Amino acid sequence: MKLIAATCLAGSLVLAGCAGTNNSSTPSSSSPNAGATAGGSASPVYPRDALSPLATSQAHSQSVVTLAPPADMWDRIRRGFKMPNLDNDLVRDREQWYASRPDYIQRMTERSNKYIFHIVEELERRNMPTELALLPYIESAFNPQAISSARAAGMWQFMPATGTDFDLKQNIFRDDRRDVVASTRAALDYLQKLYGMFGDWQLALAAYNWGEGSVSRAIAKNQRLGLPTTYSDLTMPAETRMYVPKLQAVKNIVANPQAFNTELPLIANHPYFQTVTLTRDLDVELAAKLADVRLEDFRALNPAAHKPVLIAAGTPQILLPWDNAAVFQRNFDAYAQGQYASWTAWVVPNTMTVADAAQRSGMSEADLRAINNVPPRMLIKAGSTLIVPRGARVKEDVAAVVADGGHLSFQPEIVTRRTTVKAGRADNVASIARRYNLKPAAVAEWNDVKPNHAFKRGYSVVVYLPIRATVAARVGTGIPPARGHVAASSKQAARPAVQRGANIAKVPASSKQQVVREKRGGAPAKKKR
């Protein structure tokens with residue numbers, strides 16, 4: 001009986017299905033609501049034509065994304081390689097160079113431990129090739145304090161003008177070309193710009209090293225000659241010719257260290273540092289103490305600050321090792337042992353000597369020169385900013401306008417030497433003063449005569465003439481001081497030779513009225529350096 005009942009039930013279901021099929025029209029497969037009935041239930045859809053076999057050419061394999069996280073930073077970097085490989089003898093040469101120096105590789109890679117996670121994070125966020133995280137190995141060996149002979153600075157080796165173009169501050173308090181976060185942002189901005197210009201990462205790297213204008217001209221030259229315009233085909237300086245091969249060699253070593261008998265140090269896939277907001281001016285040594293880190297480790301993470309004090313208005317954030325950030329904040333809030341900063345900034349009201357500035361700021365001249373990098377034989381110009389001790393009564397931190405625009409400017413301290421010139425026919429005080437660009441009153445005083453005195457022909461007239469001057473320098477603007485000495489003017493170059501043993505006097509360049517008189521007999525002449 002059970003078998004009969006089951007058979008009857010199955011037959012009923014088959015009849016119900018046939019009835020449902022016969023009562024509904026076949027839906028169109030092109031309709032977005034195909035297969036839906038008025039009651040909201042789906043109806044079966046049957047193909048109208050015969051099925052055709054799936055050709056092998058229509059099958060496409062899809063890349064499989066691994067679910068396992070990177071084992072370490074090296075693994076993570078390898079997964080993001082996107083640049084085309086360069087394979088030539090120059091690459092082989094650089095591979096051999098690096099592989100034969102395991103100690104150098106070890107120092108470089110260990111130094112990068114503090115910075116490479118942040119760089120890779122930024123590259124991935126911008127969808128840029130992770131090979132670029134290896135570029136600081138080529139530029140600076142991952143030394144944020146590196147300075148080249150051409151005055152490029154930091155891990156990414158920015159020149160002063162290029163740093164300014166990419167909003168890297170350079171003043172007496174800080175140099176953002178050395179800042180870990182700011183310089184990385186600027187370098188990746190620059191590389192993205194160059195890739196947009198040339199559409200090729202190798203050419204972008206050549207432009208990063210050589211300049212976009214130079215690469216553009218080299219490309220244009222090859223185009224005029226009907227030659228290819230790839231990186232390998234352009235005529236470049238030797239340094240730029242070796243630039244991409246160096247990066248490719250490091251990439252090859254990272255990709256397969258065993259092949260080069262190299263062991264890379266473990267760098268965890270974890271941030272090394274985090275940012276901490278700075279709310280008060282703070283001594284660098286105290287900041288390291290509050291964070292419970294060594295001073296050299298603090299400086300390695302905050303290399304942009306090149307003074308003994310951190311100015312909160314100009315350095316709103318500092319970097320600290322991941323586990324020390326909370327320690328710093330707790331200790332900073334609980335600190336009650338006096339001022340946070342023992343240094344402050346002083347804007348010089350008028351042009352003055354270093355000795356005068358030191359006296360007014362309560363420092364020795366040697367200390368003022370050392371902490372502010374004041375070169376010899378220079379006057380400090382009005383409006384310059386100096387780092388000076390902060391008195392106990394000073395409660396205010398350095399203002400933002402000073403922190404952002406602080407600069408240190410110099411002008412040469414004119415060095416004069418006593419000499420004598422022969423008066424010509426009809427020469428007088430005024431004519432001698434005009435001839436040597438001096439004040440008539442000074443000439444009269446030096447010779448104990450009246451301002452309208454006329455000299456006899458052949459008379460030896462005493463004058464004090466500038467003998468050397470140094471081109472003024474401006475600290476914090478990328479303008480370097482000139483090396484050596486240059487003539488103060490073409491007129492001075494034409495002045496008479498100075499006798500040995502003549503008296504020397506220093507006169508501030510800002511005041512030609514000042515006359516320096518020395519005791520009879522004078523002092524030994526200074527030797528030229």
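The structure displayed is predicted, hence computed values, not measured ones.
Between Ile172 and Lys307, the shortest heavy-atom contact is O-CE, 3.0 Å. Closest approach of Leu379 and Thr351 over heavy atoms only: CB-CG2, 4.1 Å. Contact between Ala133 and Leu123 at its shortest, heavy atoms only, is N-CD1, 3.4 Å. For the residue pair Gln248 and Pro84, the shortest heavy atom distance occurs at OE1-O, 4.1 Å. Shortest non-hydrogen contact noted between Arg185 and Asp167 is NH2-O, 3.6 Å. The two atoms that bring Glu212 and Phe198 nearest to each other are O-CZ, 3.7 Å, heavy atoms only.
By the 4.5 Å heavy-atom criterion applied to side chains, Pro321 and Val293 are counted as neighbours. Side-chain contact between Asp397 and Arg280 is present, with at least one heavy-atom pair separated by less than 4.5 Å. Residues Asn85 and Val91 fail the side-chain proximity criterion, which asks for heavy atoms closer than 4.5 Å. The side-chain heavy atoms of Leu408 and Val348, taken from C-beta on, include no pair separated by under 4.5 Å. Between Leu234 and Trp210 there is no side-chain heavy-atom pair separated by less than 4.5 Å. Side chains of Leu203 and Ile219 form a contact here, defined as non-hydrogen atoms less than 4.5 Å apart.
Side-chain contact annotation: Asn143 with Ser140, donor-acceptor N/O pair under 3.5 Å absent. A donor-acceptor pair shorter than 3.5 Å cannot be found between the side chains of Thr353 and Glu413.
Within the 3.5 Å criterion, the main-chain N or O of Leu386 finds no donor-acceptor partner in the side chain of Asn372. Arg78 contributes a side-chain N or O that, together with a main-chain N or O of Val254, makes up a donor-acceptor pair within less than 3.5 Å. A donor-acceptor pair under 3.5 Å links the side-chain atoms of Asn324 to the main chain of Ala291, judged by distance alone. In this structure a side-chain-to-backbone donor-acceptor pair under 3.5 Å is missing from Asp75 to Pro70. Under a 3.5 Å cut-off, the side chain of Gln339 and the backbone N or O of Gly391 do form a donor-acceptor pair. Side-chain N or O atoms of Tyr115 include none that pairs as donor or acceptor with a backbone N or O of Val181 at under 3.5 Å. Not one N or O on the side chain of Asp283 forms a donor-acceptor pair closer than 3.5 Å with the backbone of Leu286. Judged by distance alone, with hydrogens and angles left aside, the side-chain atoms of Glu122 form no donor-acceptor pair with the main-chain N or O of Leu188 at under 3.5 Å. With hydrogens and angles ignored, the 3.5 Å screen pairs no side-chain donor or acceptor of Thr240 with any backbone N or O of Ala206. Side-chain atoms of Arg177 come within 3.5 Å of backbone atoms of Phe158 as a donor-acceptor pair (strictly under, hydrogens ignored).
Here the CG-OH distance, from Leu320 to Tyr272, works out to 10.5 Å after rounding to the nearest 0.5 Å. Atom CG of residue Leu264 and atom CG of residue Asp72 lie 8.5 Å apart, to the nearest 0.5 angstrom. A distance of 5.0 Å separates CG of Leu191 from CE of Met128, quoted to the nearest 0.5 Å. A distance of 11.0 Å separates OG1 of Thr164 from CE of Met159, quoted to the nearest 0.5 Å. For the atom pair CZ of Phe173 and CD1 of Ile311, the computed distance is 5.0 Å after rounding to the nearest 0.5 Å. Expressed to the nearest 0.5 Å, how far CZ of Arg390 lies from CG of Asp281 amounts to 6.0 Å.
The residues Arg76 and Glu121 are annotated as salt-bridged, a charged nitrogen and a carboxylate oxygen being separated by less than 4.0 angstrom. The pair Arg369-Glu365 counts as a salt bridge, with a side-chain nitrogen and a carboxylate oxygen less than 4.0 angstrom apart. A salt bridge does not link Lys193 with Asp189: every distance from a Lys NZ or Arg NE/NH1/NH2 to an Asp or Glu carboxylate oxygen is 4.0 Å or more.
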>> Checking Lys169 against Asp179 for the side-chain contact (heavy atoms from CB on, under 4.5 Å) test, could you report, in this order, the C-alpha distance in whole Å, the side-chain angles of both residues, the deciding distance, and whether it holds?
In response: CA-CA 10 Å; Lys169 292 181 181 178; Asp179 185 89; over 6 Å; no

> For Arg178 and Ile147, what are the C-alpha separation, side-chain angles and deciding distance, and is it a side-chain contact (heavy atoms from CB on, under 4.5 Å)?
Replying inline: CA-CA 9 Å; Arg178 297 185 177 96; Ile147 302 177; 2.8 Å; yes

>> side-chain contact (heavy atoms from CB on, under 4.5 Å) for Phe273 and Lys114? Distances and angles first, verdict last.
In response: CA-CA 7 Å; Phe273 60 78; Lys114 298 178 177 65; 5.6 Å; no

> Passes side-chain contact (heavy atoms from CB on, under 4.5 Å), Trp74 versus Thr109? Steps please.
Replying inline: CA-CA 10 Å; Trp74 305 116; Thr109 50; 3.8 Å; yes

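Within 6.0 Å of atom CD in Glu110, more than 12 heavy atoms from other residues, nucleotides or ligands are found, so the atom counts as buried in its surroundings. Other residues, nucleotides and ligands contribute over 12 non-hydrogen atoms within 6.0 Å of the CD atom of Gln317.
Listed by first then second residue, pairs satisfying ring-ring contact (aromatic ring centres under 6.0 Å, His included) with a partner in residues 306-336 read His270-Trp322, Phe328-Phe332, Phe332-Tyr340, Tyr335-Tyr340, not counting sequence neighbours. Residue pairs meeting the side chain to side chain donor-acceptor pair (under 3.5 Å) criterion with at least one member in residues 127-139, sequence neighbours excluded, are Lys82-Asn127, Ser112-Tyr137, Glu131-Lys251, Glu139-Tyr243. Residue pairs that meet the ring-ring contact (aromatic ring centres under 6.0 Å, His included) test with at least one member in residues 177-197, sequence neighbours left out, are Phe166-Tyr190, Tyr190-Tyr208, Tyr195-Trp201. Screening residues 284-299 for side chain to side chain donor-acceptor pair (under 3.5 Å), with sequence neighbours left out, gives Arg294-Glu296, Arg294-Asp297.
Looking at residues two or more places apart in sequence or on another chain, you find a side-chain contact (heavy atoms from CB on, under 4.5 Å) between Arg360 and Trp346, Pro349, Asn350, Met352. Annotation: side-chain contact (heavy atoms from CB on, under 4.5 Å) contacts of Pro308 (sequence neighbours excluded): Trp343, Ile371.
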